[in-house]
Amino acid sequence: MSTSEQSDLVTQRRKKLESIVALGFAAYPERYDCTHSLRQIVDAYSSHTAEQLTAERVNVRVAGRVMTIRPHGKAGFAHLQSGGARLQIYVRLDAVGERGFELYKLLDLGDLVGVEGYLFRTRTGELSVHAERLMFLAKALLPLPEKWHGLSDVEIRYRQRYVDLMVNPEVRDTFVKRSRMVRAIRDFMDAEGYIEVETPMMQPLAGGAMARPFVTHHNALDLKLYLRVAPELYLKRLIVGGLERVYEINRNFRNEGISTQHNPEFTMLEFYQAYADYHEMIALTERLLKQVAETVNGSLGFEFAGQRISLERFERLTMKEAVVRHWPEGAAGPKLEDLADPKAIPPWVDTYNGWARSSGREPLEVDRKASPGAALQALFEEVAERHLVQPTFITDFPLEVSPLSKQRPDDPNYVERFELYIAGMEIANAFSELNDPEEQRRRFQYQQMLREKGDLTAHAIDEDYIRALSYGLPPTGGEGIGIDRLAMLLTDSKSIRDVILFPLLRPQPTESS
RNA sequence: GGGCCGGUAGCUCAAUGGUGGAGCACUGCCCUUUUAAGGCAGGGGUUCUGGGUUCGAGUCCCAGCCGGCUCACCA
């Protein structure tokens, strides 16, 4: 790992670079004009026979990274890799000349080269470039990982993603797919009449979600700033201003734990639609996810962590129904009517904990004085969440855990809100937006009270947001969708780090420090 | 933060407490249709770090560093 251990290999390669320069090649030339990408050649000529290629004589100039080298005396082969495609080149002394062949002999795995020649098929039938000119483009001073086991050390894969991408094709595929997914989302939102906006990442108040923020400081203004935990409050200000359908795809930052489902910075799609409510958000979510899955995977069904998941049908359950349905087998659980009275909910935490202790599980840590809503949510997350494998909208969230949602007209203890679960993961969170400034102030005051009791994730009072609501926010539906988790689902990635190019790791200890 | 697991050559991995190895990669030589090319000959190690036990530690013990999984928190 240390540079001293690699110095032999690096020194050898430096000397080869000197030899290449001595042959008259630039060490780091400016450019190389290709006639084709490797992908274009593979796509266009993989069905051509040897005879067709000979008859047509297709001249090409291509470039790529050397991934294999097989020298044979006065000739030799190599594979170039570029853009996710590989193409073999055949280099003979009598075709490329002394200088070109000297260059070939000085090549190392990982070097970048350009080749000019014509397409042909080898005796074994592989489409190849018969090289007539070889061009040196850049040196790999560091050696590539082993050629068929690739790179499997996850720490190096995350820390040196560039190497991971070079040698593990499925990693490249995952990130290409993620890009197509985001493209499909933008296409969908645009077609729905939404406009894409960007709102502040640095905010004087960190609102819009219950999470601990990162703190930073602006020197010139001598101002404490938070990296945003959500864009929500700004996007709704835009609805007030008359941008009636807005979305943003961007990073949120939450100063919480790291896990296979959590990275401190993660990407969220958030969107708001005036004159809509959470029912419309449910309908839109279904259409969005179906279209995205079709575009990315060509199917509504996919495999995730060994489970077959289908976006054909989306189930709906209220939070209470989910708790009742998924209460652990063998434990005496509540019926729906047992949860009707909010005051009846917290005792079920004790019931659950009794069962948990007797069966060797961790009991829930819910404050005895926690609100009925917090108790219900805790129960839901403990007993139900992991069972929600097929897409399921959970509706009817408790008021106390939903400071920005509109109350249900028929039951003010609950709000018009849903979360979408797939494969046991929370994928989306949406609600009919609370647009009564007086009620919003009371919600903020409740949050403030939680804050003073030590809950660092509770909202601070945002006076300007209340002012914006006071100008009149139309009835509005809003939603956030976790882009990384959606990418996990569509690429069958078990860890969020496998869909984030550079996941956060502790910095590598350096030898000097 | 807790629990469990891991860290040996550039990479992938071996090695009862008893002289640290293999394959690939690398170096030299041979080879003008190979593809895990082949043949011959070589070089390469602070076994993550620091202590301890022992005649002797990659191996056992303790502490630390880094990572993975998992639980907690959260999305």
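Each chain gets a letter, A, B and so on, in the order its sequence line appears, and its residues count up from 1. Everything numeric in this text was worked out from a predicted model, so none of it was measured. Scope of the values below: all heavy atoms of this structure, side chains included, with no hydrogens, waters or symmetry mates.
Checked by distance alone, A:Thr122 brings a side-chain donor or acceptor within 3.5 Å of a matching partner on the base of B:U34. No hydrogens or angles were tested; on distance alone, nothing pairs the side chain of A:Arg123 with the base of B:U33 as donor and acceptor under 3.5 Å. Residue side chain A:Glu126 does not reach the base of B:U33 through any donor-acceptor N/O pair under 3.5 Å, judged by distance alone. Contact of A:Asp94 with B:U32 (side chain to base): a donor-acceptor pair of N or O atoms is detected under 3.5 Å.
Remark: B:C4 base-pairs with B:G68. Criterion, Watson-Crick or G-U wobble with two distances under 3.5 Å. The nucleotide B:U49 finds its pairing partner in B:A63, both defining distances of the Watson-Crick or G-U wobble pair being shorter than 3.5 Å.
Going from atom CZ of A:Arg497 over to atom CD of A:Gln261 covers 11.0 Å, rounded to the nearest 0.5 Å. For the atom pair CG of A:Leu87 and CD1 of A:Ile41, the computed distance is 5.5 Å after rounding to the nearest 0.5 Å. Taking OG1 from A:Thr49 and CD from A:Gln52, the interatomic distance works out to 3.5 Å, rounded to the nearest 0.5 Å.
Comparing the C1' positions of B:U16 and B:A57 gives a spacing of 13 Å, expressed to the nearest Å. For B:C30 and B:G68, the C1' atoms lie 46 Å apart once the distance is rounded to whole Å. Across B:C11 and B:C31, the matching C1' atoms stand 28 Å from one another, rounded to whole Å. Distance check on atom C1': B:A15 versus B:U59 gives 9 Å, rounded to whole Å.
Side chain of A:His72, nearest nucleotide from B:G68, B:C66, B:U32: B:U32. The side chain of A:Lys74 lies closest to B:C31, out of B:U33, B:C11, B:C31. Proximity note for A:Gln88 (side chain, C-beta onward) versus B:C11, B:U34, B:A75: the nearest is B:U34. For A:Leu9, taking side-chain heavy atoms from C-beta onward, the closest of the listed nucleotides B:G68, B:G44, B:G10 is B:G10. For A:Val154, the listed nucleotide lying nearest its side chain is B:G67; candidates were B:C26, B:G67, B:U70. Closest to the side chain of A:Gln12, from the set B:U12, B:G44, B:U27, is B:U27. Comparing B:C26, B:C24, B:U27 by their nearest atom to the side chain of A:Glu146 picks out B:C24. If you check B:C66, B:A25, B:U12 against the side chain of A:Asp153, the one that comes closest is B:U12. If you check B:U12, B:C11, B:U34 against the side chain of A:Pro145, the one that comes closest is B:C11. The listed nucleotides are B:U32, B:A75, B:U70; the one nearest the side chain of A:Thr260 is B:U70.
Heavy atoms of A:Met210 sit under 4.0 angstrom from primed sugar atoms or phosphate atoms, though from no base atom. At a threshold of 4.0 angstrom between heavy atoms, the contacts of A:Leu151 are confined to the sugar-phosphate backbone, with no base atom among them. Heavy atoms of A:Asn263 sit under 4.0 angstrom from at least one base atom. Base engagement by A:Phe120 is indicated by at least one non-hydrogen atom pair under 4.0 Å involving a base atom. Heavy atoms of A:Leu505 sit under 4.0 angstrom from primed sugar atoms or phosphate atoms, though from no base atom. Among the heavy atoms of the strands lying under 4.0 Å from A:Gly257 is at least one base atom, whether or not backbone atoms are also near. Within the nucleic acid shown, A:Arg86 has no heavy atom closer than 4.0 Å to any nucleic acid atom. If you check every strand for non-hydrogen atoms under 4.0 Å, A:Glu382 touches sugar and phosphate atoms only. Nucleic acid contact class of A:Glu419 (heavy atoms, under 4.0 Å, all strands): none. Among the atoms of the strands shown, none is found under 4.0 Å from any heavy atom of A:Thr68. Counting non-hydrogen atoms under 4.0 angstrom, A:Gly150 reaches the backbone sugars and phosphates but no base. Residue contacts shown for A:Arg121 are absent, as no nucleic acid heavy atom lies under 4.0 Å away. Note on A:Lys16: only backbone sugar-phosphate atoms sit closer than 4.0 angstrom, heavy atoms only; bases stay farther off.
Computed from coordinates, the A:Leu141 CG to B:C26 P distance equals 14 Å when rounded to whole Å. Atom CE of A:Met166 is separated from atom P of B:G10 by 18 Å (rounded to the nearest Å). As a whole-Å value, the separation of A:Arg14 CZ from B:C26 P is 18 Å. As a whole-Å value, the separation of A:Arg159 CZ from B:G10 P is 18 Å.
Taking the side chain as every heavy atom from C-beta outward, A:Asp173 and A:Lys177 never approach each other to under 4.5 Å. Between A:Phe393 and A:Glu315 there is no side-chain heavy-atom pair separated by less than 4.5 Å. Counting heavy atoms from C-beta outward, A:Arg316 and A:Ile394 have side chains that stay 4.5 Å or more apart.
Regarding contacts with the backbone of B:A37, a side-chain N or O of A:Lys147 is found under 4.0 angstrom from either OP1 or OP2. Taking side-chain N and O atoms only, A:Arg70 has no distance below 4.0 Å to OP1 or OP2 of B:G38. Note on A:Ser259: every side-chain N or O is 4.0 Å or more away from OP1 and OP2 of B:C71. Distances shorter than 4.0 Å separate some side-chain N or O of A:Arg506 from OP1 or OP2 on B:C66. Between A:Arg13 and the phosphate of B:A25, there is no side-chain N or O to OP1/OP2 separation shorter than 4.0 Å. In this structure, A:Arg157 does not reach the B:G67 phosphate: none of its side-chain N or O atoms is under 4.0 Å from OP1 or OP2.
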Please write out the pairs of protein N or O atoms and N or O atoms of nucleotides 5-8 of chain B separated by less than 3.5 Å, giving the distance to one decimal.
none

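Comparing A:Gly73 and A:Lys494 by the nucleotide of RNA chain B whose heavy atom lies nearest to each, the residue mapping closer to the 5' end is A:Gly73. Nearest-nucleotide assignment on RNA chain B puts the 5′-proximal partner with A:Leu109, out of A:Tyr90 and A:Leu109.
When all heavy atoms are compared, the tightest approach of A:Leu127 to A:Arg121 is N-NH1, 3.4 Å.
Taking the salt bridge (Lys or Arg N to Asp or Glu O under 4.0 Å) definition, one finds that A:Glu419 meets it with A:Arg417, sequence neighbours left out.
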Mind listing the side-chain donor-acceptor pairs of residues 131-146 of chain A below 3.5 Å, one per line with the distance, residues two or more places apart or on another chain?
from: A:Glu132; atom 1: OE1; to: A:Arg57; atom 2: NH2; distance (Å): 3.2
from: A:Glu132; atom 1: OE2; to: A:Arg57; atom 2: NH2; distance (Å): 3.0
from: A:Lys139; atom 1: NZ; to: A:Leu106; atom 2: O; distance (Å): 3.2
from: A:Lys139; atom 1: NZ; to: A:Asp108; atom 2: OD2; distance (Å): 2.9
from: A:Lys139; atom 1: NZ; to: A:Asp111; atom 2: OD2; distance (Å): 2.7
from: A:Glu146; atom 1: OE1; to: A:Trp148; atom 2: N; distance (Å): 3.3
from: A:Glu146; atom 1: OE1; to: A:His149; atom 2: N; distance (Å): 2.8
from: A:Glu146; atom 1: OE1; to: A:His149; atom 2: ND1; distance (Å): 3.0
from: A:Glu146; atom 1: OE2; to: A:His149; atom 2: ND1; distance (Å): 3.3

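The pair A:Arg14-A:Glu18 does not meet the salt-bridge criterion, since no charged nitrogen lies less than 4.0 angstrom from a carboxylate oxygen.
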**OP:** Verify side-chain hydrogen bond (donor to acceptor under 3.5 Å, both in side chains) between A:Arg70 and A:Gln88, making sure each step is shown before the conclusion.
**Re:** CA-CA 11 Å; A:Arg70 291 177 298 280; A:Gln88 183 172 255; 2.7 Å; yes
